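When a residue number appears, it is its place in the shown sequence, counting from 1. The model shown is predicted, which means the values in this text are computed figures rather than measured ones.
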Amino acid sequence: KPCQYKVYYGGRDSGKSTMFAKALLRLSFDEKCNILCCREYFKSIGRSVYSLFMDIINSVDEYKHFFKSKENKMLGVHIENTLTGSIIFFDGLRDINVDNIKSVHGIKYLWIEEGHYISAESWDIAIPSIRGSGWGNDKKSGCEIWVTMNPKYETDFLYNEFIAKGKSKYGDDLILKKLSWRHNYEHLSEESYKNIIKCRNDDYEKYMHMYEGECLRKSNVHVFSRDF
């Protein structure tokens with residue numbers, strides 16, 4: 001259902017990114033809309049969720065006829081729904097060119113992946129520009145902000161913004177959902193399942209962070225630093 005903020009968080013193999021990508025592909029058929037997918041920094045198209053979208057598209061025969069990967073100077077590599085004209089494009093919050101954003105009329109959905117890396121500075125600078133790209137402040141027609149994240153530290157900006165304080169701050173304007181690998185059990189490979197169980201048996205606190213989405217404790221930071 002429409003909601004101003006949707007935040008799915010948890011550990012590895014929970015399927016939250018796949019859920020969001022599938023949902024956005026479906027929504028691109030409802031009307032012509034622009035969908036922006038961001039991380040803190042956009043280093044390359046290969047390290048964005050572009051490949052996830054393309055994997056889903058290539059796995060569904062009906063989608064292959066409608067979605068095309070394109071490239072131009074303003075948007076770079078992007079995906080177009082040729083039936084509705086909806087566009088999915090990719091950028092970094094730190095890298096956003098405000099003039100380019102304003103020239104893209106009406107960003108309907110903003111998906112922030114790896115939300116635990118987003119800084120307060122990026123959020124404060126980029127979000128007003130994206131929100132002002134053609135929709136205004138009307139909650140019914142405005143830009144929905146979707147966030148996926150594997151929480152890292154309790155001090156992370158978006159952890160505090162949505163997980164720690166979100167319900168009191170945003171109320172019904174926030175859908176907050178925690179997921180783990182158990183929500184995605186039917187889609188786990190045998191190897192992934194074995195890795196999860198091995199991690200749980202070998203190092204329970206590490207397992208709780210990696211697969212259950214619990215924040216690192218300060219005493220564990222030096223232990224896990226080499227793994228992240």
Can a salt bridge be assigned to the pair E161 and K169 using a cut-off of 4.0 Å between side-chain N and carboxylate O? yes

Scan side-chain atoms only and decide if [X] and [Y] contain a donor-acceptor pair under the 3.5 Å cut-off.
X    : Y   : value
S69  : Y50 : yes
N81  : S28 : yes
E113 : S17 : yes

Would you say that [X] contacts [Y] through its side chain, given a criterion of any heavy-atom pair below 4.5 Å between the two side chains?
X    : Y    : answer
F90  : L36  : no
W146 : L24  : yes
I112 : T148 : no

Applying side chain to side chain donor-acceptor pair (under 3.5 Å) to E40 and S119, what does each step give before you reach the verdict? CA-CA 7 Å; E40 176 77 352; S119 65; 3.1 Å; yes

Give a yes or no on whether the ring-centroid distance for F162 and Y5 is below 6.0 angstrom.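 Between Y5 and F162, which both carry aromatic rings, the centre distance is below 6.0 Å.
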
[X]: side-chain hydrogen bond (donor to acceptor under 3.5 Å, both in side chains) partners, not counting sequence neighbours:
X    : result
E80  : K70
E190 : K194
K22  : none

Has the side chain of [X] got a donor or acceptor atom that lies under 3.5 Å from a matching backbone atom of [Y]?
X    : Y    : answer
H209 : E214 : yes
H78  : I88  : no
N160 : E154 : yes
D203 : K206 : yes
D156 : L158 : no

Is the [X] ring parallel, tilted or perpendicular to the [Y] ring (thresholds 30°, 60°)?
X    : Y    : answer
Y185 : W181 : tilted
W111 : F53  : perpendicular
F29  : F67  : perpendicular

Under the criterion salt bridge (charged side-chain N to carboxylate O under 4.0 Å, His left out), I'd like the reasoning laid out for E144 against K6: C-alpha separation, chi angles, the key distance, then a yes or no. CA-CA 8 Å; E144 288 190 18; K6 296 177 181 177; 3.4 Å; yes

Carefully, step by step, assess Y159 and Y153 under the rule ring-ring contact (aromatic ring centres under 6.0 Å, His included). CA-CA 8 Å; Y159 180 90; Y153 306 121; over 10 Å; no

Among K16, E114, H116, find the residue that satisfies the side-chain hydrogen bond (donor to acceptor under 3.5 Å, both in side chains) test when tested with N150. K16

Which residues pass the side chain to side chain contact (heavy atoms under 4.5 Å, CB included) test with S180, sequence neighbours left out?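 S180: side chain to side chain contact (heavy atoms under 4.5 Å, CB included) contacts with R182, H183, E212.
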
In chain order, what residues pass the ring pair (Phe, Tyr, Trp, His ring centres under 6.0 Å) check against Y41, with sequence neighbours excluded?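 Here no residue qualifies.
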
Salt bridge (Lys or Arg N to Asp or Glu O under 4.0 Å) involving K198 - partner list, sequence neighbours excluded: D202

With side chain to side chain donor-acceptor pair (under 3.5 Å) as the criterion, how do W123 and E121 come out once you've worked through the C-alpha distance, each side chain's angles and the decisive distance to 0.1 Å? CA-CA 5 Å; W123 182 267; E121 181 182 3; over 6 Å; no

